[in-house]
Amino acid sequence: VGWWPSFPAEPINGVVVSDKFQKVSLDPSKKSPIVKGTIHPESLTKEIQDLRVFPNEITNNHILPCIPKAAEIDQEKDKRLQTFAKMLAESSSVHAAATNLMRTTEWDFMAVYYDLIDHFCHAFMKFHPPKLEQTPQDLFDIYQDAVVSSYRIQDMMLARKLDLIDEDTTVIIMSDHGFESGNKRIIKMPKYPAAPALEHRQFGIFVAAGPNIKKNEKVFGLGLIDIAPTILHMFG
């Protein structure tokens with residue numbers, strides 16, 4: 001579900017909800033039809049198309065826990081609240097599709113890609129404490145809680161998914177990279193396509209739990225190339 005970049009969905013023995021599923025128009029008056037190739041099998045489209053969340057459905061109840069001073073934003077000049085609504089809506093759509101499939105289908109392997117924390121960090125890490133000298137005080141005051149809030153939202157989504165599995169299920173939580181959060185943060189981004197990757201930190205997260213996973217052990221030297229063999233080993 002939501003895997004990047006998985007459009008068009010591959011015809012596997014199972015379900016693929018590609019990363020085009022959650023992409024909808026910011027303008028609520030415009031239609032956002034689900035195009036052919038977004039979901040496999042296509043017969044599932046009717047069942048899950050209404051699970052998409054639209055940016056205009058994000059309300060004060062979603063915004064204020066993350067940006068308590070949102071009312072102080074000049075939305076004519078500062079479009080970050082619009083960006084916030086888009087990012088939260090997209091990840092909520094992915095989460096809704098994933099939890100629905102967890103409940104309604106027979107599965108033995110599931111992989112879900114959330115970009116919530118990554119996108120929040122690209123948008124708001126420059127305002128994260130400690131305040132950088134170049135960061136305007138008024139913007140720091142408004143957006144300083146945004147990055148931490150993305151972790152809280154993601155934790156709630158994780159909690160819901162853990163509710164839907166049993167103790168025989170092995171869970172892996174991982175990222176493909178980390179994010180610079182200290183004095184190496186970039187305030188003004190150079191203008192070339194891959195520039196946002198400069199904000200990444202090499203080291204990410206890997207956590208695993210399950211019946212055949214050692215408890216309370218630290219893993220050293222793990223890399224992205226180790227993930228697929230680990231999963232294949234679990235399936236014999």
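As a basis for the values below, the full set of heavy atoms in this structure was taken, side chains included, without hydrogen atoms, waters or symmetry mates.
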- request: Answer whether the closest heavy-atom distance between the side chains of Gln82 and Gln75 falls below 4.5 Å.
  value: no

query: What distance do Thr135 atom OG1 and Gln144 atom CD have between them, rounded to the nearest 0.5 Å?
result: 11.0 Å

- request: State plainly whether one hydrophobic cluster holds both Met87 and Tyr114, where clusters connect Ile, Leu, Val, Met, Phe, Trp and Tyr through side-chain heavy atoms under 4.5 angstrom apart.
  value: yes

- prompt: Asp166 side chain to Thr169 main-chain N or O, any donor-acceptor pair under 3.5 Å?
  reply: yes

message: For Leu44, is there any backbone N or O sitting under 3.5 Å from a side-chain donor or acceptor partner on Glu47?
response: no

field: Trace of the side-chain contact (heavy atoms from CB on, under 4.5 Å) decision for Leu116 with Leu88
entry: CA-CA 7 Å; Leu116 183 79; Leu88 184 56; 4.2 Å; yes

message: Is there a side chain to side chain donor-acceptor pair (under 3.5 Å) between Thr59 and His62? Walk through the geometry before answering.
response: CA-CA 5 Å; Thr59 70; His62 308 105; 3.2 Å; yes

message: Any heavy-atom pair between the side chains of Val15 and Pro41 that's under 4.5 Å?
response: yes

message: Going by salt bridge (charged side-chain N to carboxylate O under 4.0 Å, His left out), name the residues that satisfy it together with Asp226, two or more places apart in sequence or in a different chain.
response: none

query: How far apart are the closest heavy atoms of Leu224 and Ser175, and which atoms are they?
result: CD2-O, 3.8 Å

query: Do you know the tightest heavy-atom contact between Cys66 and Ile153?
result: SG-CD1, 3.8 Å

query: Honestly curious: do Ile63 and Leu139 fall in one hydrophobic cluster under the side-chain, below-4.5 Å linking rule?
result: yes

query: Which of parallel (below 30°), tilted (30 to 60°) and perpendicular (above 60°) describes Phe179 and His122?
result: perpendicular

task: For Val16 and Trp3, run side-chain contact (heavy atoms from CB on, under 4.5 Å): C-alpha distance rounded to whole Å, both residues' side-chain angles, the deciding distance at 0.1 Å, then the answer.
output: CA-CA 9 Å; Val16 177; Trp3 215 257; over 6 Å; no

query: So how far is it from Lys188 NZ to Gln134 CD, rounded to the nearest 0.5 Å?
result: 11.5 Å

- request: Indicate the atoms forming the closest heavy-atom contact of Pro55 with Ala85, along with that distance.
  value: O-CB, 3.7 Å

field: Salt bridge Glu199-Arg185, side-chain N to carboxylate O under 4.0 Å
entry: no

task: Check the hydrophobic clustering (I, L, V, M, F, W, Y; side-chain heavy atoms under 4.5 Å; chains of links allowed) and say if Phe203 and Ile117 are grouped together.
output: no

message: Do Asp27 and Ser25 pair up side chain to side chain, a donor and an acceptor below 3.5 Å, judged on atom types alone?
response: no

- prompt: So, does Ser6 use its side chain to make a donor-acceptor pair with the main chain of Val1 at under 3.5 Å?
  reply: no

- prompt: Nearest heavy-atom pair of Phe120 and Val147: which atoms, and what distance?
  reply: O-CG2, 4.2 Å

- prompt: Is there a side-chain contact between Ile39 and Glu42, using heavy atoms and a 4.5 Å cut-off?
  reply: no

message: Within the structure provided, determine whether His128 and Val148 are in side-chain contact (heavy-atom separation under 4.5 Å).
response: yes

message: Between Arg52 and Ser32 (side chain of the first, backbone of the second, donor and acceptor by atom type, cut-off under 3.5 Å), is there such a pair?
response: yes

message: Restricting to non-hydrogen atoms, name the atom on Met234 and the atom on Thr170 that form the minimum distance, rounded to 0.1 Å.
response: CE-CG2, 3.7 Å

